[in-house]
Amino acid sequence: MAEQSERTPTVVVHDLSITYKVLGGDRRGTPEDKEGAGPLRRLLRKEGTERIREVHAVKGVSFVARHGESIGVVGHNGSGKSTLLRAVAGLIPPSKGRLWVSGEPALLGVNAVLINKLSGKRNIYVGGQALGLSKAEIDAKFDDIVEFSGIGDAVYLPMSTYSSGMGARLRFAISTAATPDVLMIDEALATGDAAFRQRSAKRIAEIRRAAGTVFLVSHSNSTVRQICDRVLWMNRGRLIMDGPTEEVMQAYEATLPKKPKPAKKVPVAESEVPGTRRWSGENRIQIARSAGRETWEPGVEGCFVVSVNAVATARMVTPIAARAGWPILWMNANGLPPSSLAELDRLAPRRVVVVSGEREAPSDLDHQIGQVVSTTGEHLESRDLGGTAADLLEAFPPADTSVIYVTRAANAPRETVLSLVAARQERAHVAIGGSRVDARLLETLSRLAPERLALAGHPEEWPASVVEALQQSTGAELSYLTDPGPMALAAGLWGDVAPGGRVIVSAPNVVELLTATTVSAVTGTPVVVTDATLPRVVIESLRSLQPSEIVVCGLVSALPPTVRAELGELVSRPAV
Amino acid sequence: MADVATSAEDAQALAARHGLRALSERPPLGRYLRDLWERRSFLWTLASAESRAENETNRLGQLWAVLNPALLIGSYYLIFGLLLRTRGGVENFVAFLSIGVVMFTFTSAAVTRGARAILGRMSMVRTLHFPRAILPMSVTLTELLASIPGFALLLVLMIATGESPQLKWLLFPVAVALQGVTLLGFTFITARLVNASPDLANLVPVIVRLLRYISGVFFPIAHYVQGAPVIIQEVLTKQPFALMLTTGRQALLEGTPLALTDWLVMTAWALGVGGLGLIIFWRAEARYGLG
């Protein structure tokens, strides 16, 4: 510390821990905990109702950041990078430990408060003053802000008339109007079209030069190398290395799975691990077929046909398929590939429901289906996402309408896991694209009269127009599902499952995870979601499930043999 | 090589040496008040923007700020003045009723919206640091601004009903200020309570309704509690929500002389509730925004 102490500190973090309390997840007691619980303790714990579970996102992190430093934060998904950043920005209070900052730390793109009823102009004043600028300073910067946001004369119209892109650009322009002492950039928050991205990259570079200290979370290692002179490496909530960029990056990169080279497709020879097996396949559709083959007997009542490219649609169909006990057969842009056709032939379903959603159904599809089964495919009417969502809700209303999960059309593990959650709770999952909500979908939603709409993500990820439309037409309470991460979310679903059975461990990829979800619904097998890092929350949930067998649902590139070997350790051997 | 402070004491000393601010911790009251003072222009921008937003969605815009109280006075006059005849010996009942209705509209709006001052601005609380007391203050100020056209209407009604302008009318803004500070105090308290337990927000409309009927909006409270035990008389006439209307009426009505005790008690309410409310609110400063 001595050699650096001539530079002024801007952030001091001491022993920072952040624990989320997650309502609704199931609490996992250790076995002795269960035995020792008297009636009173059980009563206090509200056995059988929704319980509070703790997720440790950041554990005992300490560091000092100084003026003039650019600090990269790296780590796998779910390692606590973003949580750490939000804590330093003061957006999440620490559960333990303390932190001190200089000035008004700003998380780029988020730190602008906007009031929808008001014009853009008034919002610039409210947002700017909220960031600590004086009125005179805003007067001076006003034209710059408007020009940078590119919204033109719309600045005099109420924000509620803006598209989500305009809103995001204005927010960004306001939040970069002030030059903070401590600036935090989370690349995941970047918004806008290509031209705006370019402009914003330039602006970020300017601010970076002017700001005292910059924190950057980026998934691009080359960006981190370019910008940062110091790197913090987070793993499972802990700060495991802190030092000069090159030193830390080399150590970090050594732990990354080697990127599969698409050029040579050598099937990886995988050694068997006792207690585990993998649904075989060279691609995701083949994996789905392997899973289907051991789950459904020929003569099922029906099946869905969904495109692997229409992921938002697939996410909506999955909870429905799970409840009906129907399999999903996957098609691609050309129609049904051989593995799905073979499965269709074997299953001989009485009904085939094609949900093409936001994609055109392949022209050849009906012909393909007609050749294999005696029925023709039933198509939903709508050819866009909003209409499809309404069609699906009308044709297959959920059993439990108290909560409906709502996600953005764009895909991420969190969105996919919500299909698993919805399937498990017999609720519906609706995906919404763009900044307008289909009128018929709003009507259908209001008819279902949900008590609550659970929106995936932080409020700032949602266009105000969508939020308002949902609120006005349904009158339901809106809540935002921000934490925990997708893997913790899935891990929390199986509290009431008796330990000792088969467990599916699925990669977070769409086709794999949605397939695992439908299998889980038919067989009652719990599904645990993990990426190649096997975070602790996954390991903990597997420990309490005490699986007698683990079925891996994922390509070798997603869940490599090393992961399978680790999973093998978690299979409980029969007692001797 | 890693740059860390090795112990909690080191970290604190290092932060103190360079004037860093502790995040997510409650500042001392003195500094809190100073922060509030420094943010006063933000408070003003927020409050004036919101009061404008309330009317911007209507075609008649700000005109509703006068129409609403006028219609309200009209309908209450119909019920209480003509049908139920609750005049209770008041000479200029229209003026009496108007003052009650307009001032109580401010009370009910401030109390109702103030309860959700934190809860309704959660995204703001979670994205920015500023003394959270700004939010209840902004709500109260917004409602005060929204009431100004109503107060102007009152002056017109006074003259229209035969009151003549007097020097004591200058006390009316004082009465409104005392009302505002008292309401702010209550808003501080309810905003904290509702933030801790959102279910409580459901009780607020009930409480406001109760206050509307026991605070002498439509009839002189003192007239109706004559003959009740003294303690009950005192409680019902000196409770702040009734007293703020009484002082307002004393300032404007010829037939209601100024009573020094009423003004002193009202001042005590304003200072007491306002100060206590601020302290109660400040004590939970670090907890606002926690899920």
Side-chain angles (χ1 to χ4, degrees), chain A residues 1 4-5 8-15 20-21 23 62-66 69 87-94 97-105 107 110-113 115-119 122-123 125-126 129-132 134-135 158 230 239 241-244 247 458-460 482-483, chain B residues 1-26 35 38-58 120-130 134-135 138 198 285-291:
Chain A
M1 184 179 136
Q4 294 190 11
S5 47
T8 337
T10 49
V11 178
V12 177
V13 175
H14 183 76
D15 197 23
Y20 293 124
K21 287 205 168 55
L23 197 68
S62 302
F63 63 88
V64 175
R66 291 173 189 277
E69 281 186 318
V88 176
L91 307 184
I92 303 176
R98 301 185 68 184
L99 58 142
W100 295 264
V101 296
S102 146
E104 189 79 22
L107 181 57
V110 184
N111 280 26
V113 182
I115 303 175
N116 267 315
K117 280 191 230 162
L118 293 178
S119 66
R122 282 187 172 273
N123 270 301
Y125 280 91
V126 173
Q129 287 194 315
L131 284 170
S134 75
K135 224 169 161 198
R230 175 179 168 190
L239 176 60
M241 200 169 170
D242 172 4
E247 212 171 283
H458 292 276
E460 61 265 16
T482 48
D483 319 302
Chain B
M1 184 62 228
D3 195 3
V4 293
T6 40
S7 71
E9 291 73 34
D10 280 358
Q12 176 147 24
L14 183 66
R17 205 159 55 237
H18 295 280
L20 302 189
R21 184 169 57 95
L23 263 191
S24 310
E25 286 175 34
R26 186 183 71 199
D35 286 353
E38 276 164 17
R39 290 294 196 125
R40 63 190 181 281
S41 78
F42 175 47
L43 168 65
W44 178 254
T45 309
L46 194 63
S48 59
E50 289 201 335
S51 73
R52 187 171 292 255
E54 273 178 29
N55 282 317
E56 229 153 51
T57 41
N58 293 319
R121 285 261 167 267
M122 205 45 119
S123 63
M124 188 161 167
V125 171
R126 288 194 177 148
T127 46
L128 284 164
H129 320 285
F130 54 87
I134 292 267
L135 292 175
S138 147
E285 177 73 5
R287 291 207 289 277
Y288 302 119
L290 274 168

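Since the model is a prediction, treat every value here as computed from it, not as a measurement. Reminder, nothing fancy here: chain letters follow the sequence lines and each chain counts from 1.
Contact of B:Q12 with chain A is made through backbone and side chain together, with heavy-atom distances under 4.5 Å. Looking at A:S134, there are no atoms closer than 4.5 Å to chain B (heavy atoms on both sides), in backbone or side chain.
Shown here for A:H14 and B:A11, the closest heavy-atom pair between the two residues is CB-CB, 3.8 Å. The two residues A:G103 and B:R21 make their nearest non-hydrogen contact at O-NH2, 2.9 Å. The shortest non-hydrogen separation linking A:W100 to B:L20 is CB-CB, 3.7 Å.
Between B:S41 and A:Q129, the closest side-chain pair of non-hydrogen atoms falls below 4.5 Å.
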